[in-house]
Undergrad: 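One structure, as structure tokens, below. Some questions next.
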Amino acid sequence: MSGAPKWILKRRSIRAYTEAPVGDDQVKALLEAAMAAPSGSDKRPWAFVVVRDPKRRKALAGVHRWSYMCEGAPVVFAVLGDPTTSHHWIADCSAATENLLLAAGELGLGAVWVGIFPGEEREASVRRTLAIPDRLRVLCLIPVGHPSETKDARTRYEEEKVYYETFGERP
């Protein structure tokens, strides 16, 4: 398929889950992976809310048309960033999110990135549902569960988007 590690290529957006719970040890492993992400000046401006309560997950599913899978996932992670701690909060929290997604695939779990930022109404809805303080921003939600759908590993490599030395230069 390609030279990229298979554990990266098997990361796919999984939107359907079984009813099997995600264990506390798995949740901790996902959070450890997230917090192993690089962070500008090592500020680590992230915070995470782990949501298991069915009513809260249902409320999160109604945030926008692409958050519906929050209701069916046994656990949802809200990824928050503190812009007062770091001007790089978006990049840092995005790196943490990708680490969590990659770890989910390696643990045999399914997950998907549900974008919230920069939608002000979306953020306000998540903020109300999870009692998030105003100083924190909501980057995204990550529903996680045991997949009830399968997707093959793949690469999205596009040679035409790669340049060498300067933009537009090909070997």
Undergrad: Does a sphere of radius 6.0 Å around NZ in Lys151 hold more than 12 heavy atoms from other residues, nucleotides or ligands, not counting ones at 6.0 Å or beyond?
TA: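 Above 12, so yes.
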Undergrad: With a cut-off of 6.0 Å (strictly less than), are more than 12 heavy atoms of other residues, nucleotides or ligands near CZ of Arg156?
TA: no
Undergrad: CD of Glu121: more than 12 outside heavy atoms within 6.0 angstrom?
TA: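 For Glu121, atom CD is not crowded (no more than 12 foreign heavy atoms under 6.0 Å).
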Undergrad: Let me check something: do Leu136 and Leu60 share a hydrophobic cluster, defined by ILVMFWY side-chain heavy atoms less than 4.5 Å apart, either directly or through other members?
TA: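 Yes, Leu136 connects to Leu60 through the hydrophobic network.
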Undergrad: Starting from Val51, can I reach Ile116 by hopping between I/L/V/M/F/W/Y residues whose side chains sit under 4.5 Å apart?
TA: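 Same hydrophobic cluster.
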Undergrad: Quick one: closest heavy-atom pair of Ile14 and Pro147, and the distance?
TA: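 Closest heavy-atom pair between Ile14 and Pro147: CG2-CB, 3.8 Å.
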Undergrad: Check step by step if side chain to side chain contact (heavy atoms under 4.5 Å, CB included) holds for Val114 and Ser67.
TA: CA-CA 6 Å; Val114 177; Ser67 62; 3.8 Å; yes
Undergrad: Give a yes or no on whether the ring-centroid distance for Phe77 and Trp113 is below 6.0 angstrom.
TA: no
Undergrad: Has His64 got a side-chain atom pairing as donor or acceptor with Gly115's backbone, closer than 3.5 angstrom?
TA: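 Pair found, side chain donor or acceptor close to backbone of Gly115.
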Undergrad: Is there a side-chain contact between Asn99 and Glu32, using heavy atoms and a 4.5 Å cut-off?
TA: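 Asn99 vs Glu32: side chains apart.
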Undergrad: Minimum heavy-atom separation for Val162 to Tyr157, with atom names?
TA: CG2-OH, 3.8 Å
Undergrad: Under a 4.5 Å cut-off applied to non-hydrogen side-chain atoms, are Val144 and Val76 in contact?
TA: no
Undergrad: Less than 4.5 Å apart, side chain to side chain, heavy atoms only: is that true for Phe117 and Val138?
TA: no
Undergrad: Quick one: OG1 on Thr97 to CD1 on Ile90, what's the gap to the nearest 0.5 Å?
TA: 11.5 Å
Undergrad: Write down the atom of Pro74, the atom of Ala20, and the distance for their closest heavy-atom approach.
TA: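 In terms of heavy atoms, the two residues are closest at CG-O, 3.5 Å.
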Undergrad: Are Trp46 and Ile142 joined in one hydrophobic group, where the rule is that I, L, V, M, F, W and Y side chains link up if heavy atoms are under 4.5 Å apart?
TA: yes
Undergrad: Closest approach of Ser86 and Asp92, non-hydrogen atoms and distance?
TA: OG-OD2, 4.0 Å
Undergrad: Measuring from Glu120:CD to Glu123:CD, what's the distance to the nearest 0.5 Å?
TA: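 Going from CD on Glu120 over to CD on Glu123, the span is 7.5 Å.
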Undergrad: Do Lys43 and His88 have side chains that get closer than 4.5 Å, going by heavy atoms?
TA: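 A side-chain contact under 4.5 Å is absent here.
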Undergrad: Report the C-alpha distance between Val79 and Val49 in whole Å, list the side-chain angles of each, state the deciding distance to 0.1 Å, and finish with yes or no for side chain to side chain contact (heavy atoms under 4.5 Å, CB included).
TA: CA-CA 7 Å; Val79 181; Val49 179; over 6 Å; no
Undergrad: Check whether more than 12 heavy atoms from other residues, nucleotides or ligands sit under 6.0 Å from atom CZ of Arg12, and answer yes or no.
TA: yes
Undergrad: Under a 4.5 Å cut-off applied to non-hydrogen side-chain atoms, are Tyr17 and Pro143 in contact?
TA: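 Yes. Closest side-chain heavy atoms under 4.5 Å.
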Undergrad: Drop me the distance from Asp152's CG to Leu9's CG, to the nearest 0.5 angstrom.
TA: 11.5 Å
Undergrad: Rounded to the nearest 0.5 Å, what separation is found between the CD atom of Glu19 and the OG atom of Ser148?
TA: 10.0 Å
Undergrad: For a side chain to side chain contact (heavy atoms under 4.5 Å, CB included) check, start with the C-alpha distance between Arg52 and Val27, then their side-chain angles and the critical distance, and finish with the verdict.
TA: CA-CA 11 Å; Arg52 293 185 186 271; Val27 167; 3.0 Å; yes
Undergrad: Got a second to check how far Arg127's CZ is from Arg137's CZ, nearest 0.5 Å?
TA: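 One finds 7.0 Å between CZ of Arg127 and CZ of Arg137.
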Undergrad: Under a 4.5 Å side-chain heavy-atom rule over Ile, Leu, Val, Met, Phe, Trp and Tyr, are Val112 and Leu80 clustered together?
TA: yes
Undergrad: For residues 25-45, pull every pair meeting ring-ring contact (aromatic ring centres under 6.0 Å, His included), keeping only residues two or more places apart or in separate chains.
TA: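 Pairs touching residues 25-45 that pass the test: none.
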Undergrad: Quick one: are Arg154 and Lys10 in side-chain contact, heavy atoms under 4.5 Å?
TA: no
Undergrad: Heavy atoms only: give me the nearest Ala61-Cys70 pair and the separation to one decimal.
TA: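 For Ala61 and Cys70, the tightest heavy-atom pair comes out as N-CB, 3.8 Å.
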Undergrad: Indicate the atoms forming the closest heavy-atom contact of Arg135 with Asp82, along with that distance.
TA: NH1-OD2, 2.8 Å
Undergrad: Taking the side chain as every heavy atom from C-beta outward, state whether Arg170 and Glu165 have any pair of such atoms under 4.5 Å apart.
TA: no
Undergrad: Given the rule that I, L, V, M, F, W and Y join up when any side-chain heavy atoms are under 4.5 Å apart, are Val22 and Met35 in one cluster?
TA: yes
Undergrad: Give the C-alpha distance, both sets of side-chain angles, the deciding distance and a yes or no for side chain to side chain contact (heavy atoms under 4.5 Å, CB included) between Ser94 and Leu139.
TA: CA-CA 8 Å; Ser94 295; Leu139 180 72; 3.8 Å; yes
Undergrad: Decide yes or no for Tyr163 and Thr166: does some side-chain heavy atom of the first lie under 4.5 Å from some side-chain heavy atom of the second?
TA: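 Answer no - side chains too far apart.
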Undergrad: Taking Glu71 for the side chain and Tyr68 for the main chain, is one N or O donor matched with an acceptor at less than 3.5 Å?
TA: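 Answer holds: no.
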Undergrad: Roughly how far, to the nearest 0.5 Å, is the OG1 atom of Thr129 from the CZ atom of Arg56?
TA: 8.5 Å
Undergrad: Please confirm whether the backbone N or O of Arg44 pairs with a side-chain atom of Ser39, one donor and one acceptor, at under 3.5 Å?
TA: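 A pair under 3.5 Å: yes.
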Undergrad: With a 3.5 Å distance limit and no angle check, can you tell me whether Arg57 reaches the backbone of Val75 through a side-chain donor-acceptor pair?
TA: no
